[in-house]
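Notes to accompany the following structure.
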Amino acid sequence: GGSGGHTNLQVVTPAPQQLPLPALIGATTTPRCILSDAHRTEILRHLPPSLALCDWTLRYSTEQHGCSLRTALMRLDGRGPSLLAVLDSNGHLFGGFASEPLKVGSAFFGDNQSFVYTVQGTGRGAQPAAVHRAKGADDHLVYLNKDMHELPNGLAFGGQLDDRFFGLWIHDNLESGRSVAGCATYRSPVLSSTAHSLTVTWPVALNVYTNASPKPPKSTAAGASAAA
């Protein structure tokens, strides 16, 4: 018989499952990625769910392929959503995610899954990535152009073409750029290490990754039948 005692009920909330880090394909440098594993884990949480389990393929790197927009465009042509990672000369890491394949044209493209980000510190001093998503104020998400006389030539995330007011801008020489605070698209702060009124030089590294689904394992049965 019960004596009127109380039963203690403990509710345990499971910790969110951490996604496995995607494989890095195509990188030949050391380190293989300018983003640390901790930073990649953080950014992974903000990618569209359809890309969360995809491998990262390094399509273009200034260190591996030289500073050439022509080379970058050849390697990125029709390759799907892209993650840009930039390391500036003062050691600041930042970049952007283009939800649609990069394409040359006179208009902005992409959707509200696009974002810009910064990461601070390395090793034990690393801090969570600050991700700034599109706010829906306009559709000026991503822009890419070259060989134009009237329009800007380079890669931009957010901002205005008329006054060259960009949340993140990389000139077509891939060696210089700029970041300004408060563009309506992302409402992001200055992403790079210098004030928005100055030109930023990024000679260290510029990496562009695309997300590719892991290849399924080859079927041994299919191979045997093909050899028969």
Side-chain angles (χ1 to χ4, degrees), residues 13-27 32-61 72-73 75-87 93-105 107-120 126-145 154-159 166-170 179 183-189 191 205-217:
T13 303
Q17 184 177 5
Q18 181 172 311
L19 294 170
L21 274 177
L24 283 171
I25 301 171
R32 299 184 65 218
C33 183
I34 59 176
L35 295 168
S36 69
D37 286 353
H39 293 148
R40 291 176 63 213
T41 298
E42 187 75 18
I43 292 172
L44 197 65
R45 295 176 45 243
H46 297 275
L47 295 179
S50 60
L51 300 178
L53 297 178
C54 293
D55 294 336
W56 288 18
T57 301
L58 180 61
R59 295 294 179 187
Y60 174 76
S61 163
L73 293 176
R75 296 185 59 83
L76 288 164
D77 185 35
R79 295 295 186 176
S82 300
L83 180 73
L84 172 74
V86 180
L87 176 66
L93 274 164
F94 50 94
F97 171 70
S99 59
E100 295 181 1
L102 295 176
K103 58 185 178 183
V104 173
F108 283 89
F109 59 92
D111 60 29
N112 284 345
Q113 295 182 104
S114 300
F115 59 78
V116 294
Y117 69 90
T118 60
V119 294
Q120 300 293 334
Q127 301 174 14
V131 173
H132 306 278
R133 292 192 166 278
K135 300 298 188 286
D138 58 35
D139 59 357
H140 299 177
L141 297 147
V142 185
Y143 167 88
L144 176 62
N145 216 340
L155 173 65
F157 284 79
F166 301 115
L168 175 56
W169 167 252
I170 297 176
S179 176
C183 80
T185 313
Y186 298 104
R187 293 292 179 193
S188 49
L191 304 175
L206 186 151
N207 294 176
V208 183
Y209 300 88
T210 60
N211 299 92
S213 298
K215 294 181 180 179

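Scope of the values below: all heavy atoms of this structure, side chains included, with no hydrogens, waters or symmetry mates.
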Looking at every non-hydrogen atom in both residues, tell me the closest pair between L44 and P20 and how far apart they are. CD2-O, 3.7 Å

When rounded to the nearest 0.5 angstrom, what distance separates CG in L102 from CG in L73? 8.0 Å

Does any N or O in the side chain of S61 come within less than 3.5 Å of the main-chain N or O of R59, such that one atom is a donor and the other an acceptor? no

Looking at G159, is its backbone amide N or carbonyl O close enough to the side chain of H140 to form a donor-acceptor pair, meaning the two atoms are under 3.5 Å apart? yes

Write down the atom of S114, the atom of L141, and the distance for their closest heavy-atom approach. CB-CD2, 4.2 Å

Go through I170 and L84 one step at a time and tell me if the side chain to side chain contact (heavy atoms under 4.5 Å, CB included) criterion holds. CA-CA 11 Å; I170 297 176; L84 172 74; 3.7 Å; yes

Return the set of residues passing side-chain contact (heavy atoms from CB on, under 4.5 Å) with R40 (not counting sequence neighbours), or none when no residue passes. L21, P22, L24, C33, L35, D37, W56

To check you understand the geometry: which heavy-atom pair defines the closest contact between G110 and E100, and what is its length? N-OE1, 3.4 Å

Look only at the side chain of N145 and the backbone of V104, and say whether a donor-acceptor pair between them is shorter than 3.5 Å. no

Which heavy atom in G167 sits nearest to a heavy atom in S179, and how many Å separate them? O-OG, 2.8 Å

How far does SG of C183 sit from NZ of K135, to the nearest 0.5 angstrom? 9.0 Å

With rounding to the nearest 0.5 Å, note down the distance linking CG in L87 to CD1 in I34. 5.5 Å

A184 meets the side-chain contact (heavy atoms from CB on, under 4.5 Å) criterion, sequence neighbours left out, with A137, D138, R187

Fit a plane to each ring of W169 and F166, take the angle between them on a 0 to 90° scale, and name the class: parallel (under 30°), tilted (30 to 60°) or perpendicular (over 60°). parallel

Does S36 reach the side chain of T41, with side-chain heavy atoms less than 4.5 Å apart? no

On the 0 to 90° scale, with breaks at 30° and 60°, tag the Y186-F157 ring pair as parallel, tilted or perpendicular. tilted

Mark yes or no for whether S82, through its side chain, and A98, through its backbone, hold a donor-acceptor pair below 3.5 Å. no

Give the minimum heavy-atom separation between L144 and F109, together with the two atoms involved. N-CE2, 4.1 Å

Partner set under side-chain contact (heavy atoms from CB on, under 4.5 Å) for P48, not counting sequence neighbours: S50, L51, F97, Q113

Considering only heavy atoms from C-beta outward, does the side chain of N112 approach that of D139 to under 4.5 Å? no

Should L191 and Y117 count as side-chain neighbours, where that means a heavy-atom distance under 4.5 Å? no

